[in-house]
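Note that this is a predicted model, so its numbers are computed, not measured. Just follow the structure's listing: the first ligand is 1, and inside any ligand the first atom is 1.
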Amino acid sequence: MAKLRIIGAPSDFGQGRRGVDMGPSAIRYAGLSEKLARLGHDVEDLGNIVVPTPEMHTVKDEKLKYFDEVKAVCENLYREVSRVMEEDAIPIILGGDHSISIGSMAGIAASRRPFGVIWFDAHGDMNTPETTPSGNIHGMPLAVNLGLGHPELIHLGGFAPKVKPENVVLVGIRSIDEDEAKLIRQTGIRAYTMAEIDRMGMAAVMEEAIRIASNQTEGIHLSLDLDSLDPTFAPGVGTPVNGGVTYREGHLAMEILADSGKIRSVDVVEVNPILDIHNQTGNMAVELVESLFGKTVM
Ligand SMILES: NC(=[NH2+])NCCC[C@H](N)C(=O)O
Ligand SMILES: [Mn+2]
Ligand SMILES: [Mn+2]
């Protein structure tokens with residue numbers, strides 16, 4: 001039995017399509033708390049952090065859209081997540097777009113205990129203000145957590161970087177910008193493309209990923225972007241890319257992570273109910289989290 005604490009981060013400031021701020025509602029509506037409790041866990045929903053109202057804000061910097069708003073959201077989330085970590089509970093952070101991971105990982109790192117990261121995503125999220133083609137901060141959070149990008153984001157919580165490149169793994173990538181690819185190579189993080197998942201199989205990829213993320217660390221943070229899945233299974237995301245992780249591969253990955261016993265924190269991001277079909281993506285998110293916390297067939 002694990003102590004699980006749900007935190008909603010209903011922010012859509014990290015990208016251009018409205019609706020992802022309703023992600024936490026869609027995931028809760030799909031029964032997250034009840035289903036995790038049914039698995040025998042001690043579950044508490046702590047509600048949502050405070051987020052500015054989008055209608056009242058405009059873009060100021062084209063290379064860092066909604067910078068002030070993203071920073072404010074991440075500061076609030078940082079505080080909430082560090083509180084949960086101090087209680088030795090596992091935070092399950094519901095986005096919102098992926099920019100919220102700047103706040104969640106700052107909160108996780110606040111204890112200064114080393115951890116690894118498995119970043120499940122179609123994208124690298126390794127852009128900086130210099131490389132970004134869109135100016136959307138949700139394309140930058142992994143870079144920020146590694147210490148690359150705007151200094152005020154990097155130093156959120158008063159320290160940087162949040163994680164060492166040798167403990168960072170990307171899984172499921174299939175849409176990487178040109179200069180972003182250079183950064184991924186320079187940092188030396190391990191990036192498993194969809195082609196590698198096809199060739200090696202998801203089980204072998206996850207076993208390697210867990211080995212890398214847990215080498216000399218005290219646990220693993222999973223940052224789960226629902227666009228890692230193929231749009232057939234997760235249509236409700238702002239930046240869908242064909243050729244993604246299948247339903248079974250997704251569950252297998254979560255089951256292998258569950259078996260490892262190393263998960264200490266989770267982000268579930270990019271669920272956009274406005275773009276979804278009957279909450280298919282919200283349901284998929286809940287199913288994957290159930291597998292991550294021990295649900296099996298028998
Ligand atoms: N978290 C995400 N869905 N990120 C998508 C990023 C897309 C693109 N690479 C960008 O920087 O704009
Ligand atoms: Mn992402
Ligand atoms: Mn993505």
Side-chain angles (χ1 to χ4, degrees), residues 9-21 23 59 61-67 70 73-74 77 93-105 117-146 148-150 153 163 168-185 187 189 191-194 197 221-231 233-245 250 253 266-276 281 284-285 288:
S11 167
D12 67 357
F13 288 108
Q15 45 86 63
R17 305 182 73 172
R18 301 296 320 280
V20 70
D21 56 319
V59 169
D61 182 346
E62 283 298 327
K63 287 288 168 193
L64 280 159
K65 292 179 180 165
Y66 303 104
F67 172 81
V70 168
V73 167
C74 288
L77 185 57
I93 300 117
L94 312 179
D97 69 69
H98 220 156
S99 67
I100 63 142
S101 296
I102 297 169
S104 61
M105 280 182 56
V117 177
I118 298 183
W119 198 277
F120 231 80
D121 208 314
H123 309 94
D125 295 350
M126 278 290 286
N127 275 307
T128 63
E130 290 71 44
T131 68
T132 176
S134 65
N136 292 332
I137 301 181
H138 82 152
M140 311 181 190
L142 185 54
V144 167
N145 285 321
L146 285 160
L148 302 166
H150 194 289
L153 295 179
V163 65
V168 174
V169 187
L170 270 165
V171 178
I173 54 168
R174 55 195 184 277
S175 172
I176 303 289
D177 304 312
E178 223 175 287
D179 293 331
E180 183 184 25
K182 285 183 204 150
L183 271 182
I184 293 176
R185 274 189 223 103
T187 54
I189 61 172
Y192 294 94
T193 62
M194 282 312 300
I197 296 174
H221 172 65
L222 172 68
S223 205
L224 177 61
D225 184 330
L226 266 291
D227 69 30
S228 57
L229 288 157
D230 193 84
F233 311 104
V237 296
T239 44
V241 190
N242 281 333
V245 170
V266 191
D267 303 316
V268 184
V269 300
E270 298 285 345
V271 173
N272 186 331
I274 295 283
L275 305 171
D276 208 359
T281 310
M284 186 76 213
L288 290 172

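In terms of modelled atom types and a separation under 3.5 Å, the side chain of Lys65 and the main chain of Gly16 share no donor-acceptor contact. Remark: the backbone N or O of Gly238 is paired with a side-chain donor or acceptor of Arg17 at under 3.5 angstrom.
For the 3.5 Å distance criterion, the side chains of His221 and Asp267 qualify, holding a donor opposite an acceptor.
Ring pair His150/Phe67 is tilted by interplanar angle, where 30° to 60° counts as tilted.
The two residues Ser99 and Gly14 have their closest heavy-atom pair at OG-CA, 3.8 Å. Closest non-hydrogen pair, Leu64 versus Met140, comes out as CD2-SD, 3.9 Å. The two residues His138 and Asp97 make their nearest non-hydrogen contact at CB-OD1, 3.5 Å. Closest of all the heavy-atom pairs between Asn127 and Pro133 is ND2-CD, 3.8 Å. For the residue pair Gly19 and Ile274, the shortest heavy atom distance occurs at CA-CG1, 3.8 Å. Contact detail for Thr128 and Ala143: the closest heavy-atom pair is CG2-CB, 4.4 Å.
Ligand 1 has a nitrogen or oxygen under 3.5 angstrom from a nitrogen or oxygen of Ser134. Residue Asn136 places no N or O, backbone or side chain, under 3.5 Å from any N or O of ligand 1. At a 3.5 angstrom cut-off on N or O pairs, Asp227 counts as close to ligand 1.
The protein heavy-atom contact nearest to atom 11 (O) of ligand 1 is Asn127 ND2, 2.9 Å. What sits closest to atom 4 (N) of ligand 1 on the protein, heavy atoms only, is Asp125 OD1, 2.9 Å. The single protein non-hydrogen atom nearest to atom 7 (C) of ligand 1 is His123 CD2, 3.9 Å, given as residue, atom name and distance.
Residue contacts with ligand 1 for His138 involve both N, CA, C or O and side-chain atoms from C-beta outward (heavy atoms, distance under 4.0 Å). Of the heavy atoms in Asp225, only side-chain atoms (C-beta onward) come closer than 4.0 Å to ligand 1. Neither the backbone nor the side chain of Met140 has a heavy atom within less than 4.0 Å of ligand 1. Within the 4.0 Å heavy-atom criterion, neither part of Ile176 lies near ligand 1.
Near Gly139, meaning under 4.0 Å from any of its heavy atoms, are these atoms of ligand 1: 6 (C), 11 (O). Applying the 4.0 Å criterion to heavy atoms of Glu270 picks out, from ligand 1, the atoms 1 (N), 2 (C), 3 (N).
The one candidate from Leu224, Asp121, Asp225 that meets the side chain to side chain contact (heavy atoms under 4.5 Å, CB included) condition with Glu270 is Asp225.
Tally of protein N, O or S atoms closer to the Mn ion (ligand 3) than 2.8 Å: 5.
Ile173 CD1 to Ile197 CD1: the interatomic distance, rounded to the nearest 0.5 Å, is 9.0 Å.
With atom 9 (N) of ligand 1 as the reference point, the heavy atom nearest to it among Asp177, Ile137, Leu226 is part of Asp177.
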